[in-house]
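Below: one structure, written as structure tokens.
Just so it is clear: chains get the letters A, B, ... in the order the sequence lines come, proteins before strands, and each one is counted from 1. Just so we're clear, the structure is a prediction, and the values are computed from it rather than from any experiment.
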Amino acid sequence: MSEPKDESAAPNFVRDIIADDLQSGKHQQIVTRFPPEPNGYLHIGHAKAICVDFGLAKEFGGRCNLRFDDTNPVKEETEFVESIKEDIKWLGFEWNEVHFTSDYFEQLYAWAEDLISAGKAYVDSQSPEEMKANRGDFGTPGTNSPHRNRSVEENLDLFRRMKGGEFDNGAHVLRAKIDMASPNMNLRDPSLYRILKAHHHRTGDTWCIYPTYDFAHGQSDAIEHITHSLCTLEFEAHRPLYEWFMDNLEVPATPRQIEFARLNFTYTVMSKRKLRQLVEEGHVGGWDDPRMPTLSGMRRRGFSPAALRNLCERVGVSKRNSFIDISLLEHAVRDDLNEHSPRYMGVMKPLEVVLENFPEGHTEWFEAPQFPGREDGGGIRRIPLTKTVLVEQDDFLEVPVKKWRRLAPGMEVRLRYAALITCKEVVKNGAGEVVRLICTWDPEAKGGNPADGRKVKGTLHWVSAEHGIPASVQNYDRLFTVESPGSGDTNFLEQINPDSLETLEGARVEPALAEAAAGTRIQFERLGYYCFDQDSKPGALRINRTITLRDTWAKAGKPG
RNA sequence: AGGGGCGUCGACAAGUGGCUUAAGUCGCCAGGUUUUGAUCCUGGUAUUCGCAGGUUCGAAUCCUGCCGCCCCUGCCA
């Protein structure tokens with residue numbers, strides 16, 4: 001039944017509530033739902049909601065439905081339904097049933113008439129401006145609408161004519177008759193139905209009146225017998241209204257709404273508006289740009305679903321508004337990728353190294369483990385060593401700094417898994433730039449193990465110049481330079497990190513990667529985790545850097 | 001101004017009157033191992049729980065007052 005929760009699982013007050021409800025017998029089985037509005041792409045914030053909604057249901061042997069909250073036909077919808085489903089599946093969750101709030105329009109309408117018949121709802125014909133003015137203020141009670149006391153018959157007639165399409169948008173609205181003086185603004189006769197002569201992505205032109213979120217959500221939960229309706233903090237003030245409907249309508253079940261804090265990260269933006277602006281103004285390549293916090297962007301970047309799930313678990317669920325340090329995300333990603341990414345070598349900015357005593361035209365093959373840490377190495381791949389190899393430009397310094405353990409004149413280093421080489425000569429071009437290193441290799445140290453047991457501290461990644469395969473590499477970094485973009489009166493667009501994307505066209509990778517499929521996640525040793533882009537193909541490799549390895553050397557502030 | 005919610009280490013977050021002179025995770029610092037300056041391992045990192053009083057033998061946990069932050073006046077969700 002319920003899986004034992006991971007010891008590393010962070011606390012989660014919702015989990016405690018559910019456990020209590022199950023133990024007390026209030027529920028035999030729990031049912032939750034994930035209710036996205038199909039009007040945009042899912043982002044990392046939604047990932048938390050998905051993990052909570054689906055994860056808790058799974059943990060307790062319950063069920064979780066996917067429900068598209070499509071009560072507003074004005075906001076283009078159908079195109080997002082598939083991407084949302086895809087993202088949820090990618091994250092690793094399955095829904096029990098898929099529903100659309102629009103499937104319940106008939107029932108919702110019937111309930112609206114019930115409310116009218118019971119004298120608990122009325123058709124208001126004030127203009128939006130009048131309604132706003134009469135709603136009062138936080139400090140002052142609202143004023144009853146002049147239409148508040150229309151008869152049941154008149155209300156029914158008006159409401160049916162609204163449904164029949166007799167009126168223009170905005171001419172009338174159905175409101176609940178609750179309390180215009182309530183300190184909770186949501187209870188000052190909230191709108192239940194509005195006239196919207198728009199084409200709906202599923203119901204087409206069947207309706208011209210649509211229920212509001214408040215009138216639709218809880219009742220939809222009830223129809224699906226949801227036991228725990230989990231949502232974010234901003235709906236807290238709506239809970240009394242949610243419950244008012246449960247109390248005043250003949251609903252088949254009475255779900256409980258529980259609110260928790262949404263997920264926020266430093267160094268990124270999460271609002272739909274800002275994300276859209278980034279895309280529409282071309283600051284990024286699209287919704288799935290690897291720098292975007294959208295699930296499609298993160299997927300393309302190479303983040304694994306398990307990493308995201310682990311992150312959500314570690315972050316916990318509480319009611320505190322908080323900004324999670326992005327390093328927590330980065331850690332979760334490295335943690336999972338370290339465990340699951342096979343190792344390869346690739347040189348980003350090549351520097352030629354000629355092994356002067358290596359036989360001309362000869363190729364020496366070595367076997368290297370895919371997972372060096374594992375006992376059996378997790379499989380192997382073969383890598384060729386030739387007279388000319390490529391190493392990273394950053395791994396050579398003509399004048400080494402202290403503690404330098406890479407290449408420098410006279411220094412011996414290891415070419416990982418293959419050889420020990422010593423730098424003998426530095427060749428420069430007319431501009432004084434280093435273009436080539438002349439080195440010798442130790443034929444007695446094949447594989448990198450010296451016959452005399454001498455210690456060679458530095459180990460470099462490398463690629464055979466003859467076998468190395470060209471690749472276009474995209475290095476991604478944080479999209480913003482400040483912790484909370486757009487805070488205060490700053491413009492978040494001016495805080496975009498100008499170096500969030502670096503494209504390297506001269507990279508060369510080891511031949512074992514020639515046929516790598518799009519979506520493949522690997523580690524380039526000593527550099528970081530990478531993912532073959534969705535557009536990558538043999539002959540035109542395109543590789544996205546997901547995240548660098550931790551680099552305490554760079555952090556120590558080494559020069560150059 | 002009214003209502004709702006929240007304030008524990010740099011960031012998350014346990015703890016709900018004594019076993020807490022406050023878990024864990026990330027980060028950071030210091031060591032060790034290492035053919036990735038990665039991983040891994042070890043140790044350090046809040047005498048203090050928004051502030052001020054009070055109750056109590058005893059409080060982060062109870063009471064009172066204050067301060068701070070977030071949400072609510074869509075025919076958005």
Side chain to side chain contact (heavy atoms under 4.5 Å, CB included) partners for A:Gln370, two or more places apart: A:Pro342, A:Tyr344, A:Arg381
So, for A:Tyr122 and A:Phe159, is the gap between ring centers shorter than 6.0 Å? no
Hey, can you pull the donor-acceptor pairs under 3.5 Å for the side chains in residues 439-450 of chain A, sequence neighbours left out?
from: A:Asp442; atom 1: OD1; to: A:Glu444; atom 2: N; distance (Å): 2.8
from: A:Asp442; atom 1: OD2; to: A:Arg454; atom 2: NH2; distance (Å): 3.0
from: A:Lys446; atom 1: NZ; to: A:Glu364; atom 2: OE2; distance (Å): 3.1

Classify A:Thr212 by what it touches in the nucleic acid, base, sugar-phosphate, or nothing, heavy-atom distance under 4.0 Å. sugar-phosphate
Secondary-structure string, 5' to 3', Watson-Crick or G-U under 3.5 Å, | for another-strand partners, for RNA chain B: .(((((((.[[[..)..(.....]]]((((((.......))))))....[[[[[..)....]]]]])))))).....
Apply side-chain hydrogen bond (donor to acceptor under 3.5 Å, both in side chains) to residues A:Arg33 and A:His217 and explain how you reach the verdict. CA-CA 11 Å; A:Arg33 103 269 89 118; A:His217 203 94; 2.6 Å; yes
How would you list, by chain and number, every residue that makes a side chain to side chain contact (heavy atoms under 4.5 Å, CB included) with A:Val98, sequence neighbours excluded? A:Leu66, A:Phe68, A:Lys85, A:Trp95, A:Phe100
Side chain of A:Thr71: nearest nucleotide among B:C75, B:A77, B:G3? B:A77
Closest listed nucleotide, where the reference is the side chain of A:Lys457 and the choices are B:A77, B:U73, B:U34: B:U34
So what does A:Lys403 touch, heavy atoms closer than 4.0 Å: a base, only the sugar-phosphate, or nothing? base
Tell me, with the steps shown, if A:His147 and A:Gln126 meet side-chain hydrogen bond (donor to acceptor under 3.5 Å, both in side chains). CA-CA 8 Å; A:His147 314 291; A:Gln126 295 183 102; over 6 Å; no
Could you work out which one of B:C76, B:U8, B:G37 sits closest to the side chain of A:Lys75? B:C76
Side chain of A:Glu236, heavy atoms from C-beta onward: which of B:G4, B:C75, B:G37 has the nearest atom to it? B:G4
How close or far is atom C1' of B:C75 from atom CZ of A:Arg188, stated in whole angstroms? 18 Å
Please report, rounded to the nearest Å, how far the P atom of B:C75 is from the NE2 atom of A:His147. 15 Å
Could you tell me the separation between the CG atom of A:Asn134 and the P atom of B:G74, rounded to a whole number of Å? 12 Å
For A:Phe138 and B:C72, are the ring centres under 5.5 Å apart with planes inclined under 30°? yes
Check every strand shown and say whether A:Tyr210 touches a base, only sugar-phosphate, or nothing at a heavy-atom separation below 4.0 Å. nothing
Who are the ring pair (Phe, Tyr, Trp, His ring centres under 6.0 Å) partners of A:His238, not counting sequence neighbours? A:Phe235
Toward the 5' end of RNA chain B, which comes first, A:Lys455 or A:Asp69, by nearest nucleotide? A:Lys455
Span that lies between the P atom of B:A13 and that of B:U8, in whole angstrom: 9 Å
How is A:Gln126 classified with respect to the nucleic acid when contacts are heavy atoms under 4.0 Å: base, sugar-phosphate, or nothing? base
So what does A:Arg405 touch, heavy atoms closer than 4.0 Å: a base, only the sugar-phosphate, or nothing? base
On the nucleotide B:C75, are OP1 or OP2 found under 4.0 Å from the side-chain N or O atoms that A:Arg135 carries? yes
Residue met sooner reading RNA chain B from 5', once A:Glu234 and A:Ala445 are mapped to nucleotides: A:Ala445
Can you check the A:Asn338 CG to B:U34 C1' distance for me, whole Å? 13 Å
Gap between atoms CZ and P, on A:Arg526 and B:A38 respectively (whole Å): 11 Å
Summarise how protein sits on nucleotides 25-31 of chain B as a single string, 5' to 3': B when a protein heavy atom is under 4.0 Å from the base, S for sugar-phosphate-only contact, - for no contact. SSSS---
Measuring only the C1' atom in each nucleotide, how far is B:A11 from B:G27? A whole number of Å is fine. 7 Å
Send over the distance from A:Arg545 CZ to B:U36 P, rounded to a whole Å. 21 Å
On the ring face of A:Phe260, is A:Lys319 found with NZ or CZ under 6.0 Å from the centre and within 45° of the axis? no
Inter-nucleotide P distance (B:U21, B:U47), Å rounded: 15 Å
